[in-house]
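The shown structure was predicted, so the numbers you read here are calculated from the model rather than taken from an experiment. Position 1 is the first residue of the sequence; numbering continues from there.
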Amino acid sequence: MITQSGSIVAGATEARVATHRWAPTLGRLWQRALTVWAIPVVLSLVTLIAFSPVVWNGFVEWDDQINITENLGYRGLGLVQFKYFFTTLLMGHWIPITWMTFGLDYVLWGMNPLGYHLTNLIVYAASAAALYFMTLLVLRKATTLHGAALRIGAIAGTLFFTLHPLRAESVAWVTERRDVLSGLFFFLTITAYLKMSDARGRRRAWLLAGALGLYILALTSKASVMVLPAVLILLDVYPLRRFDRWTLLEKIPFAVLGVAGAAVTYYAQNANRFITPLERYPLSARVGMTFYGLWFYVEKTVFPLKLSPLYELPAKVHPLAWRFLLPAVAVSIIGVTLVALRRRWPAGLATGMYYAFTLGPVIGIVHSGHQLTHDRYSYLPGVGLAVLVGGLVGVLARQIAAGAFNPRIGQALTATGVLLAAGLATLSFQQVQIWRDTDSLWRYALESEPSCSICHENMGLYLGGHGLLEQAREHFERSLALRPDQANAHNLLGWTHAFKGEPKEAAAAFETYLKRRPNDAIALANLASVLMTLQRSQEALTLMQRAEKLRPNSPFVLMNLGYALGETGHKDEALRYFRRAISIKWDMPQPWFGFARFSNETGRHSAALSALGILQMLSPELARRIGPTLLETW
């Protein structure tokens, strides 16, 4: 007993000695972990707080309805959904990784917008930490900063980027999940590449493989990161200063991926007919658009005022007009100055080249959409400007610490930096709230850009959808007055007249629109519906047959074709089209109404009553309109 106790005591003593032996090592590891991670964690939390109002935002009728609220394809994480993620080119994008995150959101949250916005916010907060580590490495390679001055510079650069209100659109808009997600992988790719530049042997190979894997994730989140190979070559030249044939060979897999991403993106955009034709905006216009874009994002970075969800592309772009000529002159002067100072200040030229590279895919050379510029297009270009700001702040911090300034001046500069960061955070806190709902989004857009015709159209669509048809009409007419070249306003006016019970005016508006856009199947279907109201059923049938050839799988087109056939006496054929419409979108009540009506009129009373039962679940109002007729016949 005594010997056993003694052994226990001896064992305990040895354990205490071992613990004391390891305690300094564990303490150092804990201290190092705190040193490494405390700053990025705090930066993520600050970013999260500044953008926190996004969790109270809803979905907005600005692509969210197409991508999220009306889209059944992404809802889940099963085999059917994964096939959708990797095959869909919806809205001109191939973004399977982004779709996966939306599928996960649906599994976790259903259709609650809070969860979708929370995911955006978490990804963006994680990006703050990733950007800090990336900035730390870039500044370490590009400057003589070290210690506290280096960390202060990285902190300043990170906050300048993450707290800037130009980021609000990317974070607060659910559809733009692709920006924050691809940005996170972009920062991690560059971080892995910079670490690889110092590594040797097996570690170097693993870091290269990791960088390639992260780049694939970035590309499949949003293809605008296709420019990364050019960015890596730029990093090799400056600040790494190791540009040779071996570094070029390392870029081959990155270049292959980048070219593939560019090709897929062009195919996706072209398949959706989003590419702006040169006939409309020739090369001379593209030059003006390019210079304007290069100046615009610098201006908005320095003066982030009157930001808008849409800066509309004008009907004509004249490069010699003051709006485009002044930016061309300013950008040219800045470019020449950076080249002249390349030996004394290589960071300036490197930043300018990075800025131009990352704007390349969206600046207007290859253009798609209605925009001249977008706030979200500043996401990747803004990183270079932020790193430059971080370097300047780091140098100032080193000078202050060395006593190069009067202490009061040092305190004033520090206070100014803190106030600027707080000001940016305040602006972002407010800016994300304009995305709260569709109404606030387009009212704000019109306050910022009163001459934006598409903003008037979107505001009118929102008002019309809420029954405010007269107010909607005013916005559509205002849009037409601002941009007579925009045919869509006629289409929207036709829609408004139709809902107001003015079929003659609706028909005239649709016909005007179709003279410019004769192959718009939905407009053809709308015109056909109005013509049926005017007892012009045979004309309506001809139009619907054209529409069906253009959009053979549109439930709306198939439904209207069914009504046109039924009204012209082809009731059995009408039922076939109602069935097709229902098979594509079973929860759409209007095809069930038509199926119930014409089933009853052709003596298929059981089928009519079954359709009525489903219609009562989908639309009690429509069921009440046809129910008494069916019951009376029965």
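Comment: E176 engages K222 in a salt bridge, judged by a side-chain N to carboxylate O separation of less than 4.0 angstrom. Taking a cutoff of 4.0 Å between a charged side-chain nitrogen and a carboxylate oxygen, D198 and R140 do not qualify as a salt bridge. Contact check on R245 versus E250 returns no salt bridge, with no Lys/Arg side-chain nitrogen under 4.0 Å from an Asp/Glu carboxylate oxygen. Ion pairing of R242 with D236 is present here, as a side-chain N (NZ or NE/NH1/NH2) and a carboxylate O approach within less than 4.0 Å.
Crowding of Y266 atom OH: a count of heavy atoms from other residues, nucleotides or ligands under 6.0 Å not exceeding 12. A 6.0 Å sphere centred on CH2 of W62 holds more than 12 heavy atoms belonging to other residues, nucleotides or ligands. Counting non-hydrogen atoms of neighbouring residues, nucleotides and ligands closer than 6.0 angstrom, the CG atom of L79 reaches no more than 12 such neighbours. Atom NZ of K251 has more than 12 neighbouring heavy atoms from other residues, nucleotides or ligands inside a 6.0 Å radius.
No option in T98, D63, D64 other than D64 meets the side-chain hydrogen bond (donor to acceptor under 3.5 Å, both in side chains) test with T175.
Rounding to the nearest 0.5 angstrom, the gap separating the CG atom in L212 from the CG atom in L207 is 11.5 Å. If you take CH2 on W109 and OG1 on T119, they are separated by 7.5 Å, rounding to the nearest 0.5 Å. The distance from atom OH of Y132 to atom OG of S44, rounded to the nearest 0.5 Å, is 11.5 Å.
For the residue pair R177 / N120, a side-chain donor-acceptor distance below 3.5 Å is found, with atom types taken as modelled. In summary, the side chains of S368 and Q269 do present a donor paired with an acceptor at a separation below 3.5 Å, with no hydrogens or angles considered. In the model, E457 has a side-chain atom that pairs as donor or acceptor with a side-chain atom of N488 under 3.5 Å. With no hydrogens or angles considered, no side-chain donor-acceptor pair links D179 and Y377 at under 3.5 Å.
For the pair A386 and F160, the tightest heavy-atom approach, listed with the atom from each and the gap, is CA-CD2, 3.8 Å. Residues A168 and F51 come closest through the heavy atom pair CA-CE2, 3.9 Å.
In this structure the side chain of Y116 reaches within 4.5 angstrom of the side chain of Y106, judged on heavy atoms. A 4.5 Å side-chain heavy-atom check between V317 and R323 finds every atom pair outside the cut-off.
A cation-pi arrangement is not found for R167 relative to Y124, the charged atom failing to lie both closer than 6.0 Å to the ring centre and inside a 45° cone about the ring normal.
Between Y354 and F186, the angle of the ring planes lies from 30° to 60°, which puts this pair in the tilted group.
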